[in-house]
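Just so you know, residue 1 is the first one in the sequence shown, and it goes up from there. Atom set for the values below is all heavy atoms of this structure, side chains included, hydrogens, waters and symmetry mates excluded.
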Amino acid sequence: MVEEILGLPSAEWDKPREAPFPVRQIGDADRAAQYLREHWNLGIDPIPNLVELLEERGIKVLVVDSEENIDGLAAQVRRSRGEPVRVIVVRIGVHGERQRFNLAHELGHMVMDVQGDDNFREKAAHRFAGAFLMPAEALWSSVGRHRSSIGWNELFALKQLFRASVQPLRTAAAISAYFLRHCRKGSSGSFPSGLQKRA
């Protein structure tokens with residue numbers, strides 16, 4: 001790594017002792033995100049700069065210009081001495097909100113031990129990303145726990161607050177459950193189906 005070549009200090013991987021967190025059912029991914037937030041003393045506030053946070057916790061972030069159809073990947077890089085360096089690689093040119101989600105998704109792969117097929121592993125990483133970027137308690141404090149509907153203005157206010165696209169907001173642990181249970185129908189009659197397709 002560059003720091004090693006230049007003799008500069010480098011942050012060590014701040015891995016929770018419990019990691020990799022076992023994930024056997026999808027809700028375990030929510031708990032993994034919560035445990036990691038607690039270990040890193042993040043509270044429930046939005047994360048202003050995810051790249052900076054990851055670098056401070058010993059995870060290198062590389063942005064590459066690639067024609068491959070991949071959003072990101074998590075890896076370990078061996079070095080001449082010391083523990084391997086954790087690296088997340090993401091593709092250049094991806095929208096900021098989507099890039100944050102990709103970073104959190106790859107972080108999920110890094111800290112979870114998911115038992116299941118590839119499809120379930122991807123679902124778990126998506127679920128982790130939503131819960132890590134948008135903790136349930138923060139979402140509930142923003143929208144309220146006892147609601148029968150939620151408006152588009154509120155949804156886009158959450159989008160700005162958490163710097164997330166609408167789809168990850170919808171699939172975040174608490175907000176997803178909220179929509180499924182309470183918001184199928186709003187003041188206009190039917191819940192907008194476009195919300196399910198937006199990235």
Side-chain angles (χ1 to χ4, degrees), residues 1-23 28-115 118 120-135 138 161-165 167-168 171-173 199:
M1 302 305 288
V2 174
E3 293 94 337
E4 189 175 353
I5 294 170
L6 298 177
L8 299 173
S10 178
E12 294 296 321
W13 164 220
D14 186 6
K15 173 186 153 188
R17 185 169 43 185
E18 301 85 353
F21 302 106
V23 174
D28 294 338
D30 300 334
R31 286 181 282 279
Q34 180 183 351
Y35 292 150
L36 186 60
R37 268 190 165 260
E38 289 173 358
H39 178 76
W40 285 354
N41 298 311
L42 299 179
I44 63 171
D45 293 332
I47 299 168
N49 189 322
L50 184 55
V51 172
E52 187 176 279
L53 172 67
L54 294 173
E55 295 270 356
E56 288 173 352
R57 300 298 174 170
I59 301 170
K60 303 299 181 191
V61 177
L62 301 179
V63 183
V64 299
D65 187 2
S66 173
E67 295 181 0
E68 297 292 329
N69 188 27
I70 56 170
D71 292 323
L73 61 90
Q76 295 184 44
V77 177
R78 286 184 292 187
R79 48 185 173 177
S80 58
R81 56 183 178 274
E83 291 293 314
V85 176
R86 267 61 180 183
V87 178
I88 293 177
V89 181
V90 289
R91 195 159 42 91
I92 198 169
V94 177
H95 190 272
E97 295 168 348
R98 181 64 200 178
Q99 196 73 287
R100 280 169 59 85
F101 192 80
N102 290 343
L103 287 165
H105 176 101
E106 296 305 327
L107 177 62
H109 283 306
M110 193 174 285
V111 300
M112 294 189 299
D113 175 21
V114 182
Q115 196 160 65
D118 288 345
F120 181 69
R121 279 192 286 274
E122 289 303 303
K123 283 183 178 178
H126 267 61
R127 183 75 169 249
F128 173 94
F132 184 75
L133 293 174
M134 300 157 277
L161 176 64
F162 291 101
R163 295 178 58 205
S165 57
Q167 180 66 16
T171 54

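Summarising the geometry, atom CD1 belonging to Ile88 is positioned 9.5 Å from atom CG belonging to Leu73; distances are rounded to the nearest 0.5 Å. The structure places CZ of Arg78 at 13.0 Å from CD of Glu83, a figure rounded to the nearest 0.5 Å.
At a threshold of 4.5 Å between non-hydrogen side-chain atoms, the residues Leu50 and Leu133 count as touching. Here the side chains of Phe128 and Asp30 are not in contact, with every heavy-atom distance at 4.5 Å or above. At a threshold of 4.5 Å between non-hydrogen side-chain atoms, the residues Gln115 and Pro22 do not count as touching. The shortest distance between side-chain heavy atoms of Val94 and Asn102 falls below 4.5 Å. At a threshold of 4.5 Å between non-hydrogen side-chain atoms, the residues Phe120 and Val23 count as touching. At least one side-chain heavy atom of Arg91 sits under 4.5 Å from a side-chain heavy atom of Asp71. Proximity of Arg86 to Lys60: side-chain heavy atoms (C-beta onward) are nowhere separated by under 4.5 Å. For the pair Leu54/Leu107, a side-chain contact is recorded, criterion being any heavy-atom separation below 4.5 Å from C-beta on.
Of all non-hydrogen atoms in Ile92 and Val63, the two that sit nearest each other are CA-CG1, 3.6 Å. Glu106 approaches Ala74 most closely through the heavy-atom pair OE1-N, 3.2 Å. Between Met112 and Ala124, the shortest heavy-atom distance links the atoms CE-O, 3.6 Å. Taking every heavy atom of both residues into account, Arg100 and Pro48 meet most closely at NH1-O, 3.8 Å.
In this structure, Gln76 contributes its side chain and Val87 its backbone to no donor-acceptor pair below 3.5 Å. Under a 3.5 Å cut-off, the side chain of Arg37 and the backbone N or O of Phe132 do form a donor-acceptor pair. Looking at His105, its side chain never comes within 3.5 Å of a backbone N or O of Phe101 through a donor-acceptor pair.
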Output side-chain donor-acceptor pairs under 3.5 Å for residues 14-21, partner residues at least two apart or in another chain, one line each.
| from | atom 1 | to | atom 2 | distance (Å) |
| --- | --- | --- | --- | --- |
| Asp14 | OD1 | His39 | NE2 | 2.9 |
| Asp14 | OD2 | Arg57 | NH1 | 2.9 |
| Lys15 | NZ | Ala19 | O | 3.4 |

Step-by-step side-chain contact (heavy atoms from CB on, under 4.5 Å) determination, Val85 to Trp13: CA-CA 7 Å; Val85 176; Trp13 164 220; over 6 Å; no
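Other residues, nucleotides and ligands contribute more than 12 heavy atoms inside 6.0 Å of the CD atom of Glu56.
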